[in-house]
Number of protein chains: 4
Amino acid sequence: MIITTAAFKGGVGKTTTAIHMAAFLQQDGDTLLVDGDPNRSATRWSKRGAGFLFKVVSEQQAAKYGRSFKHIVIDTQARPEREDLQDLVDGCDLLILPTTPDVLSLDALMQTVNLMKVLGSQQYRVLLTRVPSAPRKDGAEARELLVTAGFPLFKAQIRELVAFQKAALDGLIVAQVNDRRAKIAWSDYLSVGQEILNG
Amino acid sequence: MIITTAAFKGGVGKTTTAIHMAAFLQQDGDTLLVDGDPNRSATRWSKRGAGFLFKVVSEQQAAKYGRSFKHIVIDTQARPEREDLQDLVDGCDLLILPTTPDVLSLDALMQTVNLMKVLGSQQYRVLLTRVPSAPRKDGAEARELLVTAGFPLFKAQIRELVAFQKAALDGLIVAQVNDRRAKIAWSDYLSVGQEILNG
Amino acid sequence: MIITTAAFKGGVGKTTTAIHMAAFLQQDGDTLLVDGDPNRSATRWSKRGAGFLFKVVSEQQAAKYGRSFKHIVIDTQARPEREDLQDLVDGCDLLILPTTPDVLSLDALMQTVNLMKVLGSQQYRVLLTRVPSAPRKDGAEARELLVTAGFPLFKAQIRELVAFQKAALDGLIVAQVNDRRAKIAWSDYLSVGQEILNG
Amino acid sequence: MIITTAAFKGGVGKTTTAIHMAAFLQQDGDTLLVDGDPNRSATRWSKRGAGFLFKVVSEQQAAKYGRSFKHIVIDTQARPEREDLQDLVDGCDLLILPTTPDVLSLDALMQTVNLMKVLGSQQYRVLLTRVPSAPRKDGAEARELLVTAGFPLFKAQIRELVAFQKAALDGLIVAQVNDRRAKIAWSDYLSVGQEILNG
DNA sequence: TGAGTTAGAATGGCACCACCCGTC
DNA sequence: GACGGGTGGTGCCATTCTAACTCA
């Protein structure tokens, strides 16, 4: 399975999503994470820690490792052009578009991919990330907005928790982090993964 | 005075900073905000509301309006190349590099602009934005990290408050927002402005 | 079902009524709002916000979308001529004539549509809008006046509340507005809708 | 002196303003009020009472009475086209555009007459009418909005008071009405008049 | 080392108060 | 002059999360 993550704005958890989707798929079989971000965020994340179970390579190395992995996750550079989107969709089994529930991110998302709404939800889906907890209603409001606008949306969403910060800092998967809510954080991405597998 | 905002990662408050610095300078004289972001975030922010006191134009219109304004704020596109940075610095009186106190943002910042540390703090400065409130220590830790690494840093920093979300949603300056903490949010940017004026 | 709103004087809540009747009908099935007002008030209202659940189109587009919607609400231009009224009635299942309980509005209404009183209340009805709260008696007096004059009148009436202002400002249905009395405001239009359904 | 009132939306106090400006000018010399509104609101207002000190005629009679009056006030029909505006301005000494401080009225006003902002404030001015009293801030906010947008605005504004309703009901000038606040209501229009005379 | 507890901060909801107007 | 109602402002409380502390 090939999963690609893309975003029109930084800071929405694109790299975090790519890494944890790779960790999820690794449970099922050997997985390759292709770091296409010019900042090399995923690679540097990986190098801070003891390494992940899955392999992280740059875009240039992707061809070489190509088909020796059961699953591939591709973390693309930010701000794809509208024309690139179709290419991204064609190049994978599922394109994940993470977005935070704030105005600027939603605005950039909706402004750019309105034309994609004709595609089926099998090909791409929007994932709400960094959702603040109650009593804030950002998540619910953003969800309603996106559904009204006709975007295919994951039922699961990713909470905003410090465990993700610690994971990035320590070079770990969030499930391995020493934090009281690490399990909860990981369960969010588990839900996303199961939602993908169950269609 | 010409102030430019740039960032190596989205979602760090680059546009929010540009808009509020323009609002600050407008207090002193007519100010022009040049929206150089391909997402046109500042322009769209402006259009959601009743308009700002300062004028917002695209990069293409910038030359035309050029010198009829006392102050100019330039909101650049995300992810400048390292070579562009010197150009950005040369093209303004002060380059503001906003960053959130999380690993990925700090990582991208420090990785890219280490060469700029030879420049004086008159020419560019880093601004910590979206700083979580106590008991989280992200702000203090990031501050210590940046100071240790030798970056010129604003003493002032911008809190993470919903008032900024409401401002973006309503197309207003945060000071005009109907929110309990709107005054506090605006005072953060006021501090930045005064820090600039006082050298 | 096709509902049309018309008024002989602006500022009586014609557009507000059209939008909220569309929101009411949308609960039952896909609804189309045809914005026939030259000021494009409904369209501009819609565009200020994140969009409504129902679709808003101009009069020119109405034919195209025509029959793919279960319900249609038509917001006509102000000040129809007396002869146009019969056409308006013929072109819909129910013609709603909103009016505020002030002399000038009532005067314009009664002066113009006296000839319609021969029609049954199945075809058109007057809706009192922007009714001030007690101790003002404007609503009761206007109601008595209209009943005496033989006009079919909705038992329900719409209060004058700032929530409606906020809804117009934010591009939302009044039920979604952040206001203490938003629920009350919406219940007024709910009553109108139920009164229509119950004959 | 010739004063014309026009509005892009009904219910903003256009007729009320015309009548009271006529009453104000009558203090200085014989005044004619030309009722150009198809609803004949001013004429009907006049006939409900014992008559005004100034004369009210229809548009068709205007030419006949033409120059035998020192002052003329013209109450035009609602919703002038943009092209008509220049004609309206040319046909009088001062064009008054009354507007209520609500979104829909302000929207219609600003949408239509942006092109007039190049004219001097000697030729037309916007008058805020039906301004709610404290603690509501509608008036102040609308004023700030209009000033920011560059419209010439009367410093004076007309409060929303029942005295105006009673005046319309009884066919009187608001100063003659039996109401506790009638004097206050009249003083609002007095301020407008004096503002006109003092330039 | 791990679990439970407490303090601090921000948000959202609710209640209370002051102000103003209109009616009696 | 008293009363009722809506609006805006302020203050209080419950919720949630984080960090620090305590205890086993």
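Every chain is numbered from 1 and lettered A, B, ... according to where its sequence line falls, protein lines coming before strand lines.
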Residues in salt bridge (charged side-chain N to carboxylate O under 4.0 Å, His left out) contact with Glu195(A), at least two apart in sequence or another chain: Arg125(A)

Members of residues 128-143 of chain B that approach DNA chain E, where some heavy atom sits under 4.0 Å away: Ser133(B), Ala134(B), Pro135(B)

Reported CD1-to-OG1 distance for the pair Ile19(D) and Thr15(D), which is rounded to 0.5 angstrom: 6.5 Å

Those residues that, when tested against Gln157(A), pass side-chain hydrogen bond (donor to acceptor under 3.5 Å, both in side chains) (two or more places apart): Arg143(A)

Along DNA chain E, first and last positions that approach a heavy atom of chain B under 4.0 Å: dG8(E) to dG13(E)

Sequence neighbours excluded - salt bridge (charged side-chain N to carboxylate O under 4.0 Å, His left out) pairs with any residue from residues 167-184 of chain A: Lys166(A)-Asp179(A)

DNA chain F contacts among residues 158-180 of chain C, heavy-atom distance under 4.0 Å: Leu161(C), Val162(C), Arg180(C)

Nearest-0.5 Å distance that lies between atom OG1 in Thr16(A) and atom CD1 in Ile173(A): 10.0 Å

Side chains of residues 126-137 of chain C: which donor-acceptor partners sit under 3.5 Å, not counting sequence neighbours?
unit_1    : atom_1 : unit_2    : atom_2 : d
Thr129(C) : OG1    : Val12(C)  : O      : 2.4
Thr129(C) : OG1    : Thr99(C)  : O      : 3.3
Arg130(C) : NE     : Glu160(C) : OE2    : 3.3
Arg130(C) : NH1    : Gly11(C)  : O      : 3.0
Arg130(C) : NH2    : Glu160(C) : OE2    : 3.0
Arg136(C) : NE     : Asp138(C) : OD1    : 3.3
Arg136(C) : NH2    : Asp138(C) : OD2    : 2.9

Interatomic spacing from CG in Leu172(B) to CZ in Phe52(B) - rounded to 0.5 Å: 7.0 Å

Min side-chain heavy-atom separation Val192(A)-Ile158(A) under 4.5 Å: yes

Ring pair (Phe, Tyr, Trp, His ring centres under 6.0 Å) involving Phe164(A) - partner list, sequence neighbours excluded: His20(A), Tyr189(A)

Leu190(B): side chain to side chain contact (heavy atoms under 4.5 Å, CB included) partners, not counting sequence neighbours: Phe24(B), Gln27(B), Trp186(B)

Between CG on residue Leu106(C) and CE on residue Met110(C), distance to nearest 0.5 Å: 7.5 Å

Nearest heavy-atom neighbours spanning Ala156(B) and Ser191(B): CB-CB, 3.7 Å

Residues forming a side-chain hydrogen bond (donor to acceptor under 3.5 Å, both in side chains) with Asp102(C), sequence neighbours excluded: Thr100(C), Ser105(C)

Bending between helix ends of the helix from dT1(E)-dA24(F) to dC24(E)-dG1(F) [5 pairs per end, 10° resolution]: 30°

Strand-adjacent residues in residues 181-189 of chain B, judged by heavy atoms under 4.0 Å from DNA chain F: none

Heavy-atom pair of closest approach, residues Ala185(B) and Ala163(B): CB-CB, 4.2 Å

Min side-chain heavy-atom separation Val174(A)-Leu161(A) under 4.5 Å: no

